[in-house]
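Everything on this sheet refers to the single structure shown next.
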Amino acid sequence: MSRVLIVGAGLTGSLCACLLRREMPNKVKIVVWDKSRGAGGRMSTSRCPSSAECTADLGAQYISATPYYGQIHQSFYEELLAHNVLKPLVANVEGMMKKEEGLRDFVTPKGVSSIVKHYLRESAGAEVLFEHHVTHIHQKGAGWEVHWKGGVAEQFDAVVLTMPVPQILQLQGVVSSLIDKSQRQKLEAVSYSSRYALGLFYKAGTQIDVPWAAKYIANNPCIRFISIDDKKRNLDSSYIGPSVVVHTSVPFGVQHLEDTKEEVEPLILEQLQKVLPGLPQPISIKFQKWRYSQVLSAVADCPGQMTLHTEPLLVCGGDGFTHSNSDGCIESALKVFEVLKSSL
C-alpha cells in the first residue's frame, strides 16, 4: 500500500484525498498536512470566540459556476447541493459585475470551509494533521523524507504539493534541484493579489440595517467588499448574532503588506466607519492577511499540474496551475489524481 502525502488542506488537496479514497481505497494510505490550525486554505471560515455558530468567511465569499464548468463539473455541484453544503445565492449583492448568461452563484450555509470539510469527511480513514508546516523534502531510497517545522520527518511513497506556488519554490531540500529551467521560469512568473480581511462578530440581537447582503465598494481607497455574512447565506442570526466581513482592495493590501496587525487593523476600521457610519461595536474581530489571495497569472501552458519527479512521484497542483476559483481547484485536483492513479 502506497503512503501518499498531500500538503495543503484547501479545496485542491481535500478533493485529491477524496478522489484517492473513492477510487483507490485499498491501494493508498492518505496523509494530509496543513500548516494552519484548521481546514479550508483560502476557503477560510472563522468562528466567533463566544459563539461557535456565528461565523464569517474570510476567504472566498461565494461560488460561481459558469455554464461550461457547471456542465463538466456537474457531479461535484450536484453532490454539494445534495448534502446541503451549497445552496443558491438569493441575497442581494450590490455592485456585482454583470453576470454571464447561465452563470449560477452559490453560498455555503455553514461557511465556505464546509466545502473542504465535506471532502475531508469523504476521505474516511485519511490522516489529517494541522499545524504541520513542511520545510524540507529529501529523496530517500524509493520514496520521500518530508520534514515539518518542529516535528519528526516521515517517509512517503508520493507527495502532492498544493500550497501557493511561491511557497513551493521556498521549500528546502531536493525540490529546487528537480525544477528545470523552463519549469522555474513558469513557476516564478506566477503572481497573486494580496489583501486583508476582517471578520467582525456581534452579540445576538444586534441589528445591522443595510438594504443589501453584500456590496462591492468602488470609491474607497481601502475597502473593496463588505458582506453581512448571515444575510449573504440567508440565515436567521437573531439567536446567534450577525457577522460582517470586510475585504480590502488589492492596492491597499500591497501597500501595507509588510505592516503589522496593530498598524493595519485601525486603518481598515476607520474606513469602514466612513462606508458604514454608525456600525455597532463588535464583540470580537478576526484579522486575516492574505499574502496569496487570488491568482493573477497562473503557470503558463500547464495542464492543471506540474510533475517534478516520477519515481518516486512528486507533483504540484492548485489554482496556481489553472485559474483562481473553485472550478480551477477542481480541475487541478482531477489532473493531479490522474497522475497519481497512473503512477500508483
Side-chain angles (χ1 to χ4, degrees), residues 1-10 12-37 39 41 120 123-188 190 292 299 302-318 320-321 332-344:
M1 182 175 286
S2 298
R3 194 162 188 247
V4 179
L5 172 65
I6 298 171
V7 182
T12 303
S14 64
L15 182 52
C16 268
C18 176
L19 294 170
L20 282 170
R21 172 59 60 223
R22 288 177 176 176
E23 299 202 29
M24 304 177 67
N26 301 315
K27 294 185 178 180
V28 293
K29 168 62 178 174
I30 305 163
V31 181
V32 180
W33 286 359
D34 195 285
K35 70 176 184 177
S36 300
R37 290 182 292 175
L120 290 177
S123 311
E127 182 182 357
V128 182
L129 298 170
F130 299 107
E131 297 182 293
H132 277 53
H133 183 178
V134 172
T135 57
H136 297 68
I137 300 177
H138 300 287
Q139 188 171 353
K140 191 166 185 179
W144 301 108
E145 181 179 82
V146 184
H147 298 247
W148 58 281
K149 200 171 186 178
V152 178
E154 295 191 28
Q155 310 294 317
F156 299 94
D157 299 295
V159 174
V160 179
L161 304 174
T162 71
M163 64 269 251
V165 171
Q167 294 178 352
I168 294 174
L169 290 170
Q170 291 165 9
L171 288 172
Q172 303 293 308
V174 76
V175 172
S176 180
S177 63
L178 294 176
I179 301 172
D180 64 34
K181 183 177 180 180
S182 173
Q183 289 174 325
R184 182 170 294 279
Q185 288 176 339
K186 291 180 178 180
L187 293 173
E188 290 179 344
V190 175
Y292 306 113
V299 176
C302 184
Q305 57 81 26
M306 181 179 284
T307 300
L308 301 183
H309 201 269
T310 53
E311 293 183 5
L313 182 65
L314 178 61
V315 59
C316 307
F321 297 85
S332 179
L334 291 169
K335 296 296 186 181
V336 170
F337 175 69
E338 287 177 10
V339 174
L340 286 164
K341 191 173 182 180
S342 62
S343 175
L344 302 176

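Treat the numbers as computed from the prediction; the structure is a model and nothing was measured.
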Would you compute the distance between atom [atom1] of [X] and atom [atom2] of [Y] and round it to the nearest 0.5 angstrom?
X      : Y      : atom1 : atom2 : answer
Met306 : Ile179 : CE    : CD1   : 8.0 Å
Ile30  : Met1   : CD1   : CE    : 9.5 Å
Thr12  : Met163 : OG1   : CE    : 12.5 Å
Arg22  : Leu15  : CZ    : CG    : 8.0 Å

Check [X] against [Y] and note the closest heavy-atom contact, atom names and distance.
X      : Y      : value
Arg21  : Gly125 : NH2-C, 4.0 Å
Asp34  : Ala9   : OD2-N, 2.6 Å
Ile6   : Ala17  : CD1-N, 3.6 Å
Pro312 : Ala142 : CB-O, 3.4 Å
Gly318 : Ser332 : N-OG, 2.7 Å
Phe130 : Ser36  : CB-O, 3.1 Å

Side chains of [X] and [Y] in contact at under 4.5 Å (non-hydrogen atoms):
X      : Y      : result
Val134 : Val159 : no
Val165 : Phe321 : yes
Lys35  : Lys149 : no

Sequence neighbours left out, cut at 3.5 Å: what donor-acceptor pairs do the side chains of residues 334-344 make with other protein atoms?
residue	atom	partner	partner atom	Å
Lys341	NZ	Glu23	OE1	3.2
Ser342	OG	Glu338	O	3.2
Ser342	OG	Val339	O	3.0

Check whether [X] reaches the backbone of [Y] with its side chain - one donor and one acceptor, N or O, closer than 3.5 Å.
X      : Y      : answer
Gln305 : Thr307 : yes
Trp144 : Leu313 : yes
Asp157 : Arg3   : yes
Ser2   : Val28  : no

Partner set under side-chain hydrogen bond (donor to acceptor under 3.5 Å, both in side chains) for Gln155, not counting sequence neighbours: Glu145

Please verify the inter-ring angle class for His132 with Trp33; under 30° counts as parallel, over 60° as perpendicular, anything in between as tilted. tilted

Check against side-chain contact (heavy atoms from CB on, under 4.5 Å), Cys316 and Leu308: CA-CA 7 Å; Cys316 307; Leu308 301 183; 3.6 Å; yes

Report, one line per pair, each donor and acceptor closer than 3.5 Å where one atom sits in a side chain of residues 169-178; sequence neighbours left out.
residue	atom	partner	partner atom	Å
Gln172	NE2	Gln170	O	3.4
Ser176	OG	Arg184	NH2	3.0
Ser177	OG	Val174	O	2.8

